[in-house]
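Worksheet: the structure to be examined is printed underneath.
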2 protein chains.
Amino acid sequence: MTASETWLEQLHDNGYRITAARRAVVHTVFGATHALTPQEVYDAARKIYRALGLVTVYRTLEKLEELHLIQRVHQPVGCQAFIAAGVGHQHLLLCQGCGQVEFFEGDDLDALTRSIARKTGYQINEHWLQLFGLCMNCRS
Amino acid sequence: MTASETWLEQLHDNGYRITAARRAVVHTVFGATHALTPQEVYDAARKIYRALGLVTVYRTLEKLEELHLIQRVHQPVGCQAFIAAGVGHQHLLLCQGCGQVEFFEGDDLDALTRSIARKTGYQINEHWLQLFGLCMNCRS
DNA sequence: TTCCTTACTGAAAATCATTTTCAAATAGTA
DNA sequence: TACTATTTGAAAATGATTTTCAGTAAGGAA
Ligand SMILES: [Mn+2]
Ligand SMILES: [Mn+2]
Ligand SMILES: [Zn+2]
Ligand SMILES: [Zn+2]
């Protein structure tokens, strides 16, 4: 069983059917090392399953996001791209050169959020953190 | 001189003309306490200048962003909203209840970014940080 | 102040991404 | 194998944004 089959299982366990179209989308997104737009998923997945429709890509991404298997990636160039979701408390590190995505963990914003909460009177529930830089390849 | 006239000056200094349409947009966005979409800017600014066209709102927001007077706000509900830009190194704190926007400063991510840089080999250039919570009003 | 050039305007049309509709196909169970 | 609800892709609809264009007006020069 390839790892992407976990996603198919999850789809199945949630009452969704496993189809050739969904296999192609899942396989494409699961294996990606950078965030893909629906159009990019479509182009790549059609190499696996020619008859695929763009509409089905949108519909499948919607379900994968709903099951928290993928997450939307916000970038200066746009916010319509998706990547396999991180596990636990992780954030993204994006290469500004090639678009490669990495996850990292270990950020500790407790002191900061407590301080901001005190100063502003807000009850702070969540945070978004994203790092941008250049990967090893793109540095040279 | 109201504070929003600084923006008009900046437009002028950069070779753009000051028009009634731009005055209305600038005044609207400058005074906003939460991020506004182009349509929201249009609706509000038309109370000041009836003949305003939505197209001009888009065009003016584009210029204000280019001059770093406003910045785009990314939120779960969408990423097409703008707010007056913070000065210096600041980040946003957003109320999940009413959408109110606050800026804060004083985050220190140096230790974190150094650690991530070492682990991943990335050269880290930038970060996005955003806090979400409930403002004093929306807590009760 | 008046004149003149050029940037700016709003309406309408065009474009582009996403969503909806629908009839045919098919997954998955009985 | 037979059945039924889900899923499909094509086409149409939608909605946001951008482009086009002819008229308007800002603002420097005289
Ligand atoms: Mn975190
Ligand atoms: Mn910071
Ligand atoms: Zn790279
Ligand atoms: Zn609030």
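Basis for what follows: all heavy atoms, side chains included, without hydrogens, waters or symmetry-related copies. Residue numbers begin at 1 in each chain, while the letters A, B, ... track the order of the sequences.
- dA12(C) atom C1' lies 13 Å from atom CG of Leu54(B), rounded to whole Å.
- A heavy atom closer than 4.0 Å to some atom of DNA chain D occurs in no member of residues 67-85 of chain A.
- In this structure, Arg22(B) and Val55(B) both approach DNA chain C, and ranking their closest nucleotides by distance from the 5' end singles out Arg22(B).
- Every residue was checked against the ring pair (Phe, Tyr, Trp, His ring centres under 6.0 Å) condition with His27(B), not counting sequence neighbours, and none meets it.
- Contact check for Leu109(B) versus Leu109(A): side-chain heavy atoms found under the 4.5 Å cut-off.
- Shown here are the side-chain hydrogen bond (donor to acceptor under 3.5 Å, both in side chains) partners of Gln10(B), two or more places apart in sequence or in another chain: there are none.
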Let me check something: any side-chain donor-acceptor pairs from residues 98-106 of chain A under 3.5 Å, sequence neighbours excluded? List them with distances.
none

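- In this structure Asn137(B) satisfies the side-chain hydrogen bond (donor to acceptor under 3.5 Å, both in side chains) test with no other residue, sequence neighbours excluded.
- Applying the ring pair (Phe, Tyr, Trp, His ring centres under 6.0 Å) test to Tyr16(A) and every residue at least two apart in sequence or in another chain returns nothing.
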Reading nucleotides 25-30 of chain D from 5' to 3' and marking B where a protein heavy atom lies under 4.0 Å of the base, S where only the sugar-phosphate is that close, and - otherwise, the string is BBSS--

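- With sequence neighbours left out, Trp7(A) forms a ring pair (Phe, Tyr, Trp, His ring centres under 6.0 Å) with Phe30(A).
- Nearest nucleotide to the side chain of Lys63(B), out of dC8(C), dA11(C), dT21(C): dC8(C).
- Partners of Gln80(B) by side chain to side chain contact (heavy atoms under 4.5 Å, CB included), not counting sequence neighbours, listed by chain and number: Arg72(B).
- With sequence neighbours excluded, no residue satisfies side-chain hydrogen bond (donor to acceptor under 3.5 Å, both in side chains) with Glu65(B).
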Tabulated below should be each protein N or O lying under 3.5 Å from an N or O of nucleotides 12-14 of chain D; please produce it.
none

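- Contact annotation for Tyr42(A): no contact, since no heavy-atom pair falls under 4.0 Å across all strands.
- Scanning for side-chain hydrogen bond (donor to acceptor under 3.5 Å, both in side chains) contacts around Ser115(B) gives an empty result, with sequence neighbours left out.
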